[in-house]
Amino acid sequence: QVQLVESGGGSVEVGGSLRLSCAASGFSYSRPSMAWFRQAPGKEREGVAAIDPWGITTYADSVKGRFTISKDNAKNTLYLIMNSLKPEDTAMYYCAATRGLSFSPTTAIQALAPFFNYWGQGTQVNVSS
């Protein structure tokens with residue numbers, strides 16, 4: 001059974017940094033594609049960043065140059081390093097995973113959302129000015 005557990009959220013001031021983690025289990029025989037999505041109150045869920053089994057990444061334009069997604073395959077853990085945080089980054093951040101998905105660095109991450117079928121419970125990020 002696949003399980004995704006996020007951690008690392010919290011409150012930070014504008015310009016600060018946070019590192020989110022997502023511990024994945026249940027992918028015994030394959031490495032999944034994984035991603036971070038976020039949802040702010042009253043807004044639709046939006047893609048943040050994704051990484052495929054071969055390390056190809058894609059980012060939302062709003063976070064390019066500030067956020068970095070990475071994966072430690074030995075630990076089955078996904079990370080999101082967030083720098084230069086802005087108030088508009090405030091949201092619940094969700095880890096997602098799926099098998100058998102590949103994409104290019106220019107793929108719009110929002111277009112990938114329907115393909116992710118495993119989701120974590122989320123971790124809250126608050127950025128205050």
Side-chain angles (χ1 to χ4, degrees):
Q1 183 176 357
V2 172
Q3 188 173 16
L4 304 174
V5 179
E6 303 96 333
S7 62
S11 297
V12 65
E13 293 184 349
V14 169
S17 299
L18 282 174
R19 186 182 79 162
L20 306 184
S21 300
C22 172
S25 59
F27 292 99
S28 301
Y29 302 105
S30 63
R31 292 178 181 175
S33 289
M34 301 187 74
W36 291 98
F37 291 82
R38 67 187 181 185
Q39 188 166 20
K43 294 187 177 181
E44 294 187 356
R45 183 185 63 194
E46 65 171 341
V48 176
I51 185 167
D52 80 357
W54 300 274
I56 300 297
T57 59
T58 186
Y59 294 88
D61 288 343
S62 60
V63 306
K64 281 180 182 176
R66 300 189 298 123
F67 291 10
T68 302
I69 189 171
S70 63
K71 202 168 44 159
D72 185 330
N73 291 322
K75 295 182 178 179
N76 293 321
T77 301
L78 178 73
Y79 301 101
L80 184 69
I81 297 174
M82 306 185 294
N83 295 321
S84 302
L85 282 161
K86 304 175 180 180
E88 51 263 43
D89 295 318
T90 294
M92 184 72 80
Y93 283 71
Y94 298 92
C95 173
T98 188
R99 296 184 176 95
L101 177 67
S102 62
F103 48 84
S104 77
T106 59
T107 301
I109 185 171
Q110 200 61 23
L112 300 176
F115 298 97
F116 285 91
N117 46 16
Y118 301 105
W119 294 83
Q121 294 300 308
T123 186
Q124 180 68 37
V125 172
N126 295 313
V127 184
S128 60
S129 56

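Just so it is clear, the values below take in all heavy atoms, side chains as well, and ignore hydrogens, waters and symmetry mates. Along the sequence shown, the residues carry numbers beginning at 1.
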Can you tell me which residue pairs pass the disulfide bond (SG atoms under 2.5 Å apart) test with a partner in residues 100-129, sequence neighbours excluded?
none
Disulfide bond (SG atoms under 2.5 Å apart) contacts touching residues 34-64 (sequence neighbours left out):
none
Indicate if F37 and I56 have the same hydrophobic cluster label, given that clusters are the connected sets of ILVMFWY residues with side-chain heavy-atom separations under 4.5 angstrom.
yes
Results of ring pair (Phe, Tyr, Trp, His ring centres under 6.0 Å) for F103 - residues two or more places apart only:
none
Side-chain donor-acceptor pairs of residues 73-87 under 3.5 Å, sequence neighbours excluded:
{"from": "T77", "atom 1": "OG1", "to": "K75", "atom 2": "O", "distance (Å)": "2.9"}
{"from": "N83", "atom 1": "OD1", "to": "S17", "atom 2": "OG", "distance (Å)": "2.8"}

Kindly state each residue pair satisfying ring-ring contact (aromatic ring centres under 6.0 Å, His included) with at least one member in residues 80-101, sequence neighbours excluded.
none
Of all pairs that satisfy disulfide bond (SG atoms under 2.5 Å apart), the ones with a partner from residues 60-129, not counting sequence neighbours
C22-C95
Among residues at least two apart in sequence or on other chains, which ones pass salt bridge (Lys or Arg N to Asp or Glu O under 4.0 Å) with E46?
R38
Which donor-acceptor pairs under 3.5 Å do side chains of residues 107-115 form with protein atoms, sequence neighbours excluded?
{"from": "T107", "atom 1": "OG1", "to": "S104", "atom 2": "N", "distance (Å)": "3.0"}
{"from": "T107", "atom 1": "OG1", "to": "S104", "atom 2": "O", "distance (Å)": "3.2"}
{"from": "T107", "atom 1": "OG1", "to": "S104", "atom 2": "OG", "distance (Å)": "3.3"}
{"from": "Q110", "atom 1": "OE1", "to": "G47", "atom 2": "N", "distance (Å)": "2.6"}
{"from": "Q110", "atom 1": "NE2", "to": "R45", "atom 2": "O", "distance (Å)": "3.2"}

Quick one: side chain to side chain donor-acceptor pair (under 3.5 Å) pairs with a partner in residues 119-129, sequence neighbours left out?
Q124-N126
Side chain to side chain, P32 and P53, heavy atoms closer than 4.5 Å:
no
Output every pair passing ring-ring contact (aromatic ring centres under 6.0 Å, His included) with a member in residues 50-75, not counting sequence neighbours, ordered by first then second residue.
none
Before you tell me yes or no, could you show the steps for V14 and V127 under side-chain contact (heavy atoms from CB on, under 4.5 Å), namely the whole-Å CA-CA distance, both residues' side-chain angles and the distance that decides it to 0.1 Å?
CA-CA 6 Å; V14 169; V127 184; 4.1 Å; yes
Any salt bridge (charged side-chain N to carboxylate O under 4.0 Å, His left out) involving residues 61-71? Give me the pairs, sequence neighbours left out, ordered by first then second residue.
D61-K64, R66-D89
Considering only residues two or more places apart or on different chains, which pairs with a residue in residues 2-11 satisfy side chain to side chain donor-acceptor pair (under 3.5 Å)?
none
